[in-house]
Structures are given as C-alpha cells and as structure tokens.
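Read through the structure below, which is laid out as structure tokens, and then see the notes.
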Amino acid sequence: MASKRSYWLMKSEPEVFSIQALRRDRQTHWEGVRNYQARNHLRSMRVDDLVLFYHSNAEPPGVAGVARVCREAYPDDSQFDAKSHYYDAGSKRDDPRWSLVDVEFVEELAQFVPLDVLKEDPALEGMLVTKRGMRLSVQPVERPHFARVLKLGKATTKP
DNA sequence: GCCAACGTTGGC
DNA sequence: GCCAACGTTGGC
C-alpha cells in the first residue's frame, strides 16, 4: 500500500526560530499555534508528512527549508502556563484547546525561495501562501506545489 | 512604520 | 446572532 503522506507549510519568524535553529536543535515542539484552523491542520498531520519551513516577517520572506513531522498532535503545555506568552486561561486540563506537533530537521534549501518567486511561478498558481491576505501559519500544500518548491530550492528531499 | 486582511471579543 | 471595535499577522 502506498504511503499517504501529506504536505504542509509552516511559518516561523527567523528572528524567533529559523531553519538554522531547527538544524542546530535537530527537532522542535511547534508550540504557540492559537488559531483554530491552523490547529486543525496540526491535528491532521501524520508522522512522516513533509513541511516547507517558511520564514515570515523576514527580508525577504520565503521558503528556507524542509522539515518532517516526527510526532503527531498532543496538548501544547504552554497553554496552561500562566507565565507563558501562549497562556490560555480558557483552556481546560481535561479538554485542552491547543495542540502541537514535533517536527525534525530535514534540510536547508540550497537555494532560498522568496515569496516573490512563488508568486510569479505559474506552476504554483493557487498555492495558499501566494494569496494576498493569507495569514494562516499552518497550511496544507498540494503535492505538485510541494515538489515544485523543492525543485526551485534545489532540494535533495524527495516528495 | 504603515496598514490591509482577517480573526476574536463583547455589547446589545 | 449581529457587528463594531479591537488585536494580530505579516507583506511592503
């Protein structure tokens, strides 16, 4: 049976956590997602799904690398930590509102792919991240789009 | 630093 | 349940 791998894009501000930081740490808890749509995407992720690691609020913004889901969704502890920036007083221990996944480093793209390039590429027409006003921090990516971005980035990863 | 887009909150 | 006010995201 063929694997049913899915593809995603996750945004991170490189000043906060970059692809280089992920390489250094090898893997990370992707905490702090506080948007229901993004959370639902996190909960749909399966081990071995591939992720485009996108640098937002960067100069320029764009896809910097590839990561892989290595642990499926579980409760994000920071929602219960009153001292955390991500604290949510409305979330119950026995029914956690927010989830996270763990992702591991796969590669940094040989060629960073800026948002401008994504927008201008006809092969990427319809890709969510290229749409104006698209703020969702966790997005599904279609396999052909994913493969195209890997190619633009001269990646060694296979989709 | 600006501001468009869009999600959330809360008064009614 | 509507919607104005407000806060955040994130490109520019």
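Naming convention: chains lettered A, B, ... in sequence-line order (proteins, then strands); numbering from 1 in each chain.
Between the CG atom of A:Asn35 and the P atom of C:dG7 there is a distance of 18 Å, given to the nearest Å. The CG atom of A:Leu9 sits 16 Å away from the P atom of C:dT9 (whole-angstrom rounding). Rounded to an integer number of Å, the gap from A:Trp98 CH2 to B:dG7 P is 13 Å. Look at CZ on A:Arg34: it is 13 Å from P on B:dT9, rounded to the nearest Å. Put simply, CZ on A:Arg39 is 15 Å from C1' on B:dT8, counting in whole angstrom units. Counting to the nearest Å, the P atom of B:dC6 and the CD atom of A:Gln139 are 12 Å from each other.
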Taking only N/O atoms, report every protein-nucleotides 10-12 of chain C pair under 3.5 Å with atom names and distance.
from	atom 1	to	atom 2	distance (Å)
C:dG10	OP1	A:Lys11	NZ	3.0
C:dG10	OP1	A:Arg135	O	2.5
C:dG11	OP1	A:Tyr54	OH	2.9
C:dG11	OP2	A:Asn57	N	3.0
C:dC12	OP1	A:Lys119	NZ	2.9

Please tabulate, for side-chain N and O atoms in residues 50-59 of chain A, each donor-acceptor pair with protein atoms closer than 3.5 Å (sequence neighbours left out).
from	atom 1	to	atom 2	distance (Å)
A:His55	NE2	A:Ile19	N	3.1
A:Asn57	ND2	A:Glu13	OE2	3.2

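In terms of the side-chain contact (heavy atoms from CB on, under 4.5 Å) criterion, residue partners of A:Arg43 (sequence neighbours excluded) are, by chain and number, A:Arg39, A:Ala73, A:Ser99. Under the rule for a side-chain hydrogen bond (donor to acceptor under 3.5 Å, both in side chains), the partners of A:Ser18 that lie at least two apart in sequence or sit in another chain are A:Gln20.
Residue pairs that meet the ring-ring contact (aromatic ring centres under 6.0 Å, His included) test with at least one member in residues 140-159 of chain A, sequence neighbours left out, are A:Tyr7-A:Phe146. Counting only residues at least two apart or on different chains, the ring-ring contact (aromatic ring centres under 6.0 Å, His included) pairs with a member in residues 89-129 of chain A are A:Tyr36-A:Trp98.
Two different hydrophobic clusters hold A:Val66 and A:Val69 under the rule that ILVMFWY side chains link at heavy-atom gaps under 4.5 Å.
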